[in-house]
Structure formats: structure tokens, C-alpha cells
2 protein chains.
Amino acid sequence: MDIPNRVIGRLSAYRRHLRRWLSEGREQVYSHDLATQEGITPAQVRRDLMTIGYTGSPARGYDVHGLLTRIGELLDPRPDEGIILIGAGRLGRAMLDYLAAQHPEYPVRAAIDNDPELVGRVIHGCRCHADGDLEDIIRDEQVTIGIVAVPADSAQDVADRLVRAGIRGLLNFAPVRLRVPAGVYTQDLDIAVSLEKVAFLARGQAKAQETHE
Amino acid sequence: MDIPNRVIGRLSAYRRHLRRWLSEGREQVYSHDLATQEGITPAQVRRDLMTIGYTGSPARGYDVHGLLTRIGELLDPRPDEGIILIGAGRLGRAMLDYLAAQHPEYPVRAAIDNDPELVGRVIHGCRCHADGDLEDIIRDEQVTIGIVAVPADSAQDVADRLVRAGIRGLLNFAPVRLRVPAGVYTQDLDIAVSLEKVAFLARGQAKAQETHE
DNA sequence: AGAACGTTGTGAATGAGTTCACAGACTAAG
DNA sequence: CTTAGTCTGTGAACTCATTCACAACGTTCT
């Protein structure tokens, strides 16, 4: 099976609507329901569901519960997929806060910061450790995902250490492109680039509307 | 002229390398220099520069200063493009901090929050106003861009008010897709979706590497 | 001056992602 | 039971983005 990245992003979005509808007691949805919510075409929705092998019924559409289950099989985090946060500055702490409040299913096992002031403190239920403990924590706590929230000039060093310690995926907030070997995956979330895109588009020099990516 | 969104994102990234090189005294770059930094092909770089009408010279490549100037013409914010932040929670304040420290060229004219505790306070040089002042500030302060950092259930309401007040572009952190009329542009920056993508990729069920979007 | 090299600019080929369009399937109503 | 209506599943068409491949050019070396 090979599911494109784009499709994963949309599945994640579909899931939110499905959960809401399920909680409202709705049992069936049509492709155009999801399409309307996401501002895409019904054909796109059907194609996505085809990609993950989920099949609906003509005249009744898709089963909300069944589809949620199927998407969950793909997206739900496994218990052995821990997260580590590198950089407990303002952005890092905002992430901890957000994840603790909105996404308890993604437990951040530890935070790392080189500020001695922070080390030992517990931030939103997550203990902050010293820089040197990085490798031990990854090995001992089944950490597979790293969130990089350090300044640009140390991001590559951090990434190298994470990769050497066996990390599988990186969510990168630093404004640099991380060089990682094949088999390790990075997703950049560059706020400055996004802001420049919006500013450019708002200026009216182009016409588009885009998600994440 | 019509420059695709993707190209804008890459130009923004190129600019960072060019600035670094300029500060190191470098005067020329080849397409493969930029390509290596960004992990793309030289052909892509040349195509991008062709798109913005910048031309280099065989055997000497591109002029660092000239290219920076050209990209600046496209991306530099204009003085009449103010930014307003809606939602001064942890994420909103992290954004203020980040922008004030890293991007003084994007002045956030005001923050808005409905928490009376926050109203009147100055956060990183930016005053926090009450909910009801939103429309006045946008009109009086030449604000064209809104950063939406409120909870999901109020995001669409906020977006509607911003649009009615004449905003041109939105940077949206809320986990919903905002519905806006043609002529207003939104860029979603959905942390949960990005995290689910990384987790999925890290699980090894696909092979990819993606920026922003 | 001439030859060798490495780079740009770009038409054409390729590839990825999206949308079209319709056959087939199911439901509900007559 | 039959008909009308609506939706899914999907091959094919299309659109957009990326990469290939090479002529033309500037530089450097002899």
C-alpha cells in the first residue's frame, strides 16, 4: 500500500468532521458532505477513500463509524510512538500546551533544553531535561518522533543527533531545511514562509488558496 | 505576471541562503548551490528564477545581490500592510514573540483577545485590545493581514468579521478550514495535521518529504 | 585565436494530482 | 414490479509541476 502525503493530510481533516458528525448521531455521509466542508470536489473525496480502500454504498453514502475506524487504523498513533520536544522556548512551550490540551493521544515523553533554568521543571506535565540526556531518553522511552523547536543555527546539529539516536520522523519549526538520511522523514512547518505567502497573496499578485503544506 | 504559490514558498527559502551568502561576501551563486541547500534539482531553481524573470550568466551563475533585490521586490512587505493577531493565548503570544524577535519587518499592529485579563496589556511591544475594537483597528491601522489563533469553534466567526472589515489575507492556526469569499486568501497552518503526517511517515508506510503545505 | 569546460535558458517529456463523466448499484415511490 | 432519482467507483482526460536534455554562451587555459 502506498498512500500519498497529500491524502494523509486530507484524511486527517476528514476525520475531524466525521467525529463531529458521529457525536451528533449522524450515521451516513456523502462524498459531497466532506467535500463541502473542505472546499474540494466530491470526486477528490471519493478518490481519497478509494486510495485507502474504503467503500461506500450508492444512495446511502459512507458509514461514519466505519470510515472513522478505517482512518484510525492508518492515523492513530501506536503506543510505542513517543515524542520528544527539543527546545522549550516560547514556541516549544506553546506546542506542549497545545498537545497536552488538544491531543492527549500524542504523549510528549520529554522536553530538552540547554537553559539550566528550565532543566528539571515540569511544563504541562512534561519534564524538561538537559541537553546531554537526549540520546538516553530516545532509547529508553520508545521515542520515534522529534519536534524541533530550536533556533535555526542549531537545528541541523539537533537533527543529526536525533537521527543518530534512531528517530524516525521530525516536525521542524526551524527556518532551515534539515538534511536527513533516507528512512527518516521531515515535515517543515515554517511560519515565516507561510506569512510571506499570505502577504504576497493578499497583495493580489496571484490567485490561490492552500493548506499547510 | 502570475507566480504560483509554490514558487513563492521557494523564493522565500532561497532568500535566506542568499542573505547568508551575501553577509559572507559571496557575490555569485549557481543554481546547484541553491538546489543543494533546499534539496531540490538545479533545474527547478532555474525554472523558478525564470518564472520571476531573473536571468543569470553562463559560467558565472546568478548575482547574489541582484537576485536578492528581485526577490525583495516580490516578497518585501509594504509599509501599508499591517498585521493583526486574533487570540492572544499561548500560541498567539508565541507568534508575537517570534515575529517581534525574528521579523521586525512584519509589524503586528494589535492583538485582540476576549479575556479581560489580557486587554490593555502590552505583549512584546504589541497592545492587546478588546474583542469589539477589531473593526476599528483594521480600518484605522492599515491592516491587511490577520493571524487567526483562536479555538476552532470561534475561528469561522472571527474570519467572517475580519473579512467584513476588509482584510485581504489570513494565516490560520485553527483546525478548521475557513470559508472566505474570492479575493481573500487563507493559508492554513495546522499543527495537528502536520503531526499526524509525520507520525504516519515515521511509521514507514510511505516515502516522502514535504515542506509547509 | 581556438578549444575545452561548465553553466544558463528553455522546449519537450514526464510525472503527480485532480477532475470529468458515466456505468452500475441501491433506494424509494408509484 | 417498474421507474425515477441519486450516489458510488473508476477509466480517461486534463491540468499543473517537475525534470530532462541540449543549444547557446561566457570564461579560462593553452
Side-chain angles (χ1 to χ4, degrees), chain A residues 1-14 18 21 26-64 66-67 70-71 177 197 201 206-213, chain B residues 1-14 18 21 26-64 66-67 70 177 193 197 201 206-213:
Chain A
M1 194 195 321
D2 187 24
I3 303 175
N5 210 291
R6 299 268 185 94
V7 176
I8 294 297
R10 284 192 297 263
L11 290 175
S12 173
Y14 297 160
L18 292 168
W21 286 327
R26 187 163 179 183
E27 292 181 3
Q28 318 287 337
V29 285
Y30 297 122
S31 59
H32 66 248
D33 295 321
L34 283 164
T36 304
Q37 293 296 318
E38 286 300 304
I40 58 182
T41 63
Q44 174 90 81
V45 174
R46 294 202 298 275
R47 187 64 73 182
D48 287 342
L49 301 192
M50 197 177 109
T51 304
I52 63 169
Y54 191 79
T55 163
S57 110
R60 258 182 318 171
Y62 302 93
D63 180 64
V64 174
L67 181 50
R70 176 70 187 119
I71 297 178
R177 174 160 284 259
K197 279 190 190 174
L201 292 169
K207 45 182 190 292
Q209 191 166 350
E210 199 186 344
T211 311
H212 333 289
E213 290 150 232
Chain B
M1 193 196 319
D2 187 26
I3 303 175
N5 210 292
R6 300 266 185 95
V7 176
I8 293 296
R10 284 192 296 264
L11 290 174
S12 173
Y14 297 160
L18 292 169
W21 286 327
R26 187 164 179 183
E27 292 181 4
Q28 319 286 339
V29 286
Y30 297 123
S31 59
H32 67 247
D33 295 321
L34 284 165
T36 303
Q37 292 297 317
E38 286 300 305
I40 58 183
T41 64
Q44 174 90 81
V45 174
R46 294 203 299 276
R47 186 65 71 180
D48 287 342
L49 300 192
M50 197 177 108
T51 304
I52 63 170
Y54 192 79
T55 162
S57 108
R60 257 183 318 169
Y62 302 93
D63 178 64
V64 173
L67 181 51
R70 175 71 187 118
R177 173 160 285 257
V193 170
K197 279 190 191 174
L201 291 169
K207 45 184 191 288
Q209 191 166 350
E210 197 186 346
T211 311
H212 330 293
E213 343 198 350

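- The CE atom of A:Met50 sits 14 Å away from the P atom of C:dG17 (whole-angstrom rounding).
- Residue A:Asp2 contributes atom CG, which lies 14 Å from atom C1' of C:dG17 at whole-angstrom precision.
- Atom CD of A:Gln28 is separated from atom P of D:dT8 by 11 Å (rounded to the nearest Å).
- Counting to the nearest Å, the P atom of D:dA17 and the CG atom of B:Leu11 are 14 Å from each other.
- Between the CD1 atom of A:Ile3 and the P atom of C:dA16 there is a distance of 17 Å, rounded to whole Å.
- Not a single salt bridge (Lys or Arg N to Asp or Glu O under 4.0 Å) links B:Arg47 to another residue, sequence neighbours left out.
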Given protein heavy atoms under 4.0 Å, the one-letter contact record of nucleotides 18-30 of chain D, with B base, S sugar-phosphate only and - none, is simply SB-B---BBS---
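- Looking at residues two or more places apart in sequence or on another chain, you find a side chain to side chain contact (heavy atoms under 4.5 Å, CB included) between A:Gln37 and A:His17, A:Arg20, A:Trp21.
- Applying the side chain to side chain donor-acceptor pair (under 3.5 Å) test to B:Gln44 and every residue at least two apart in sequence or in another chain returns nothing.
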Donor-acceptor pairs under 3.5 angstrom involving side-chain atoms of residues 56-64 of chain B: please list them, not counting sequence neighbours.
| from | atom 1 | to | atom 2 | distance (Å) |
| --- | --- | --- | --- | --- |
| B:Asp63 | OD2 | B:Gly66 | N | 2.7 |

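- Among residues at least two apart or in separate chains, salt bridge (Lys or Arg N to Asp or Glu O under 4.0 Å) pairs with a member in residues 32-43 of chain A are A:Arg26-A:Asp33, A:Glu38-B:Arg177.
- Rounded to a whole Å, the NE2 atom of A:His32 is 14 Å from the P atom of D:dG9.
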